[in-house]
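Below is one structure, written out as structure tokens; comments come after it.
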Amino acid sequence: MGIQISPSMLASDFANLAAEARRVSAADWLHVDVMDNHFVPNLTVGLPVVEALAKATETPLDCHLMIEDPDRWAPGYVEAGASSVTFHAEAATAPVRLARELRAKGARAGMGLRPATPIEPYEDLLGELDMLLVMTVEPGFGGQEFLDLCVPKIRRTRELIAKHGLELWLQVDGGVSLDTIERCADAGADVFVAGSAVFRAEDPGDMIEQLRASAEKALSS
Ligand code: DX5
Ligand code: ZN
């Protein structure tokens with residue numbers, strides 16, 4: 001698939017989501033951060049907003065669920081129109097069953113890891129997933145500083161994906177910008193979430209292309 005960019009709608013104008021989606025039509029995905037005020041100390045949007053946004057844009061939705069009990073709630077996001085649904089490893093009771101359910105409903109299944117959660121215990125599950133998300137900030141808020149300590153985990157995850165010969169996408173989320181995207185791509189990430197970097201840019205479409213070019217350059221060098 002190559003490099004993909006998924007702007008986080010968390011940094012957009014929530015009163016104008018459809019128009020904001022059009023501002024980033026150069027993106028491969030729209031990243032929608034669903035937060036429940038329990039798994040993370042912040043509350044954002046849920047099923048009705050995802051459903052409305054899915055109808056208002058042609059760009060596929062990449063829903064990042066920072067919620068407790070994703071086993072119960074995540075499948076509903078596929079029904080609401082999300083093309084990719086990522087639950088957190090720390091919150092899921094039965095990640096294999098959940099990933100299979102998401103795939104059976106027709107979405108890509110993603111699993112996210114907080115900065116302190118290691119990848120190694122999940123090695124045998126990787127074949128059940130379409131995407132692994134390595135958080136590069138503590139989940140909950142946009143605009144935080146990129147945590148360099150997560151880069152070795154990106155690298156180790158890429159090595160495990162290669163070891164098992166999988167097609168898994170490797171996403172990074174948090175503090176991704178022109179300053180940090182190259183080190184993520186160099187470590188093996190291929191799907192890049194960027195909130196502030198894209199929506200605070202004067203020209204979000206141009207920023208998406210700049211981010212893509214930086215990641216591609218890091219990949220080819
Ligand atoms: C944080 C969210 C991120 C966030 C990224 O918990 O998962 O998707 O919106 O925002 P930036 O790119 O500003 O760090
Ligand atoms: Zn996110």
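Just so you know, ligand 1 is whichever comes first in the structure, and atom 1 is the first atom listed for that ligand.
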task = Identify the protein heavy atom lying closest to atom 9 (O) of ligand 1, giving its residue, its atom name and the separation to 0.1 Å.
result = Ser8 OG, 2.8 Å
Closest protein heavy atom (residue, atom, distance) for atom 14 (O) of ligand 1 = Gly175 N, 2.8 Å
message = Applying a heavy-atom cut-off of 4.0 Å, say which part of Ser196 lies close to ligand 1: side chain, backbone, both or neither.
response = both
remark   = If you scan protein heavy atoms around atom 3 (C) of ligand 1, the nearest is Asp173 OD1, 2.9 Å
Spatial distance of atom CZ (Arg158) from atom CG (Leu132) [nearest 0.5 Å] = 9.5 Å
query = Does Ala194 have a heavy atom less than 4.0 Å from any atom of ligand 1?
reply = yes
note = Closest to atom 1 (C) of ligand 1 among protein heavy atoms sits Phe141 O, 3.5 Å
ask   = What N/O/S atom of Asp33 gets nearest to the Zn ion (ligand 2)?
value = OD1
inquiry  = Using only atom types and a distance under 3.5 Å, with no angle test, would you say the side chain of Ser214 pairs donor to acceptor with the backbone of Glu182?
reply    = no
request  = Report yes if His64 has an N/O atom closer than 3.5 Å to an N/O atom of ligand 1; otherwise report no.
outcome  = yes
ask   = Can Glu159 and Arg156 be said to form a salt bridge (Lys or Arg N to Asp or Glu O under 4.0 Å), step by step?
value = CA-CA 5 Å; Glu159 284 165 7; Arg156 291 198 303 276; over 6 Å; no
query = Hey, does the side chain of Gln171 reach the backbone of Met131 with a donor-acceptor pair shorter than 3.5 angstrom?
reply = no
Identity and separation of the nearest protein heavy atom to atom 2 (C) of ligand 1 = Asp33 OD1, 3.4 Å
note = atom 10 (O) of ligand 1: closest protein heavy atom, distance to 0.1 Å, is Gly142 CA, 3.5 Å
query = atom 12 (O) of ligand 1: which protein heavy atom is closest, and how many Å away?
reply = Gly195 N, 2.7 Å
task = Distance to 0.1 Å, residue and atom name: give those for the protein heavy atom nearest to atom 6 (O) of ligand 1.
result = Gly140 N, 2.7 Å
Donor-acceptor pair, side chain of Thr180 and main chain of Gly175, under 3.5 angstrom = yes
query = How about Ser8 and Asp173: does a side-chain donor come under 3.5 Å of a side-chain acceptor?
reply = no
message = Within the 3.5 Å criterion, strictly below it, is a donor on Asp62 or Ser6 matched to an acceptor on the partner's side chain?
response = yes
inquiry  = Surrounding CD of Glu120 (heavy atoms of other residues, nucleotides or ligands, distance under 6.0 Å), is the total greater than 12?
reply    = yes
